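Since the structure is predicted, the reported quantities are computational estimates derived from the model, not experimental observations.
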Amino acid sequence: MILELNGIYAGLRFSAAHIVFGHDSCGVIHGHSYYVDVKLSGEPSGEFGFVCDFKVLKQIVKELCSELDHKLLVPRDHENMEYSMEGDSIYLEYVEKSGNVKKYMFPVEDINLLPLKSTTAEDISIYFTKYIEDKLQKMDLEKSIEWIETTVNEGIGQGARYTLHLK
């Protein structure tokens with residue numbers, strides 16, 4: 001059985017800025033109003049015959065959306081980007097292919113430094129999926145789940161989907 005949450009209707013949304021370092025048009029700070037769709041496949045189980053309680057799954061996704069909302073998403077593990085922290089500020093340096101160095105400084109509270117190589121919809125969808133898996137495991141709720149699929153949409157009709165098979 002497949003359980004599905006539609007991000008638009010379930011309120012699984014966040015607005016954030018990001019930079020796709022090195023990309024011609026997306027290599028500048030810009031933002032999106034993201035929404036997140038989630039599907040779980042598994043066997044209904046437990047007292048109520050749920051694949052997973054909708055309320056639990058929505059809370060997990062909303063928690064991460066809240067962490068990302070109104071932040072600049074920065075890929076901590078990008079190969080050509082380095083960062084340093086000084087007091088309440090974070091400094092970023094990105095070395096372009098040409099050798100030119102772009103430097104940025106932001107208040108730490110405005111940044112969400114993610115353990116990713118990029119902040120594309122593709123990488124963010126993987127991040128959401130693994131986050132959901134981790135939370136379900138910590139609650140001991142993943143046993144009957146076969147796969148988790150997360151779509152991170154940058155707008156209506158434009159998103160990236162990642163499927164993680166647990167069995």
Side-chain angles (χ1 to χ4, degrees), residues 5-40 56-139 147-166:
L5 292 175
N6 181 298
I8 288 179
Y9 299 114
L12 306 175
R13 306 173 185 191
F14 65 99
S15 295
H18 73 145
I19 308 167
V20 180
F21 291 112
H23 190 272
D24 289 339
S25 59
C26 298
V28 296
I29 299 171
H30 65 285
H32 300 282
S33 292
Y34 295 92
Y35 65 93
V36 182
D37 301 325
V38 180
K39 291 182 183 180
L40 298 180
V56 170
L57 185 57
K58 280 175 73 172
Q59 183 57 42
I60 291 169
V61 178
K62 282 185 175 189
E63 181 179 289
L64 185 51
C65 286
S66 180
E67 286 180 24
L68 303 180
D69 194 38
H70 288 82
K71 300 287 185 182
L72 173 60
L73 309 180
V74 176
R76 182 193 70 198
D77 301 334
H78 190 284
E79 63 186 1
N80 295 323
M81 193 278 301
E82 293 185 7
Y83 72 95
S84 62
M85 311 268 268
E86 291 182 33
D88 293 339
S89 297
I90 184 167
Y91 295 85
L92 309 175
E93 286 192 10
Y94 169 69
V95 180
E96 296 177 317
K97 290 178 185 173
S98 66
N100 184 43
V101 178
K102 291 179 85 172
K103 297 180 181 184
Y104 307 86
M105 186 210 43
F106 300 100
V108 171
E109 65 188 24
D110 293 349
I111 299 288
N112 199 315
L113 197 60
L114 299 173
L116 304 172
K117 292 184 179 190
S118 164
T119 53
T120 60
E122 290 84 350
D123 281 356
I124 296 171
S125 69
I126 294 168
Y127 185 66
F128 263 92
T129 306
K130 290 181 178 180
Y131 183 88
I132 294 165
E133 175 196 26
D134 181 61
K135 290 290 185 175
L136 291 174
Q137 284 178 344
K138 286 179 179 173
M139 291 186 269
W147 52 260
I148 303 167
E149 181 178 274
T150 306
T151 304
V152 172
N153 299 280
E154 293 183 340
I156 294 173
Q158 179 174 308
R161 178 178 300 139
Y162 178 73
T163 304
L164 176 65
H165 293 272
L166 304 180

Given side chains that start at C-beta, do those of [X] and [Y] come closer than 4.5 Å, heavy atoms only?
X: Glu133; Y: Leu164; result: yes
X: Met139; Y: Val56; result: yes
X: Tyr83; Y: Val74; result: no
X: Tyr91; Y: Glu86; result: yes
X: Pro115; Y: Arg76; result: yes
X: Asp123; Y: Ile126; result: yes

Check [X] against [Y] and note the closest heavy-atom contact, atom names and distance.
X: Phe128; Y: Val36; value: CZ-CG2, 3.8 Å
X: Ile60; Y: Tyr131; value: O-CE2, 3.5 Å
X: Ser33; Y: Ser15; value: OG-OG, 3.5 Å
X: Lys71; Y: Glu67; value: CG-O, 3.7 Å
X: Thr150; Y: Ser125; value: O-CB, 3.8 Å
X: Gly27; Y: Lys102; value: O-NZ, 3.5 Å

Any Lys/Arg nitrogen of [X] or [Y] sitting under 4.0 Å from an Asp/Glu carboxylate oxygen of the other?
X: Glu63; Y: Lys135; answer: yes
X: Glu149; Y: Arg161; answer: yes
X: Lys130; Y: Asp134; answer: no

Taking [X] for the side chain and [Y] for the main chain, is one N or O donor matched with an acceptor at less than 3.5 Å?
X: His30; Y: Val28; value: yes
X: Asp37; Y: Thr151; value: no
X: Ser66; Y: Lys62; value: no
X: Asn112; Y: Leu73; value: no
X: His18; Y: Thr119; value: yes
X: Arg13; Y: Ile8; value: yes
X: Tyr34; Y: Cys65; value: no

- [ ] Check whether more than 12 heavy atoms from other residues, nucleotides or ligands sit under 6.0 Å from atom CG of Asp88, and answer yes or no.
- [x]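 12 or below, so no.
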Task: Heavy-atom neighbours of Glu82 CD exceed 12 at 6.0 Å - done: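 No, the 6.0 Å shell around CD holds no more than 12 heavy atoms from other groups.
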Open item on the list: Let's go through Ile132 and Tyr127 carefully: what are the C-alpha distance in whole Å and the side-chain angles of both, what is the deciding distance for side chain to side chain contact (heavy atoms under 4.5 Å, CB included) to 0.1 Å, and is it a yes or a no?
Closed with: CA-CA 9 Å; Ile132 294 165; Tyr127 185 66; over 6 Å; no
Open item on the list: Go through it in stages, so that I can follow the logic: the residues are Val108 and Asp110, the test is side chain to side chain contact (heavy atoms under 4.5 Å, CB included), and I'd like the CA-CA distance, side-chain angles, deciding distance and then a yes or no.
Closed with: CA-CA 5 Å; Val108 171; Asp110 293 349; over 6 Å; no
Open item on the list: Could you measure the distance from the CD1 atom of Ile124 to the CG atom of Asn153? Nearest 0.5 Å is fine.
Closed with: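 Output value for this atom pair is 11.5 Å.
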Open item on the list: Could you check, using the six-membered ring where one of them is a Trp, whether His70 and Phe14 have ring centers closer than 6.0 angstrom?
Closed with: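 Centroid distance His70-Phe14: not below 6.0 Å, so no.
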TODO: Give the ring-plane orientation class for Tyr94 versus His78, where under 30° counts as parallel, over 60° as perpendicular and anything between as tilted.
DONE: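 Taking His78 first and then Tyr94, their aromatic rings stand perpendicular (interplane angle over 60°).
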TODO: For Trp147 and Leu166, run side chain to side chain contact (heavy atoms under 4.5 Å, CB included): C-alpha distance rounded to whole Å, both residues' side-chain angles, the deciding distance at 0.1 Å, then the answer.
DONE: CA-CA 5 Å; Trp147 52 260; Leu166 304 180; 5.8 Å; no
Open item on the list: Set out, in order, the CA-CA distance, both residues' side-chain angles and the distance that settles side chain to side chain contact (heavy atoms under 4.5 Å, CB included) for Ile148 and Lys39, then state yes or no.
Closed with: CA-CA 6 Å; Ile148 303 167; Lys39 291 182 183 180; over 6 Å; no
Open item on the list: Could you work out, with salt bridge (Lys or Arg N to Asp or Glu O under 4.0 Å) as the rule, every residue matching Lys97, not counting sequence neighbours?
Closed with: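 Checked Lys97 against salt bridge (Lys or Arg N to Asp or Glu O under 4.0 Å); zero matches.
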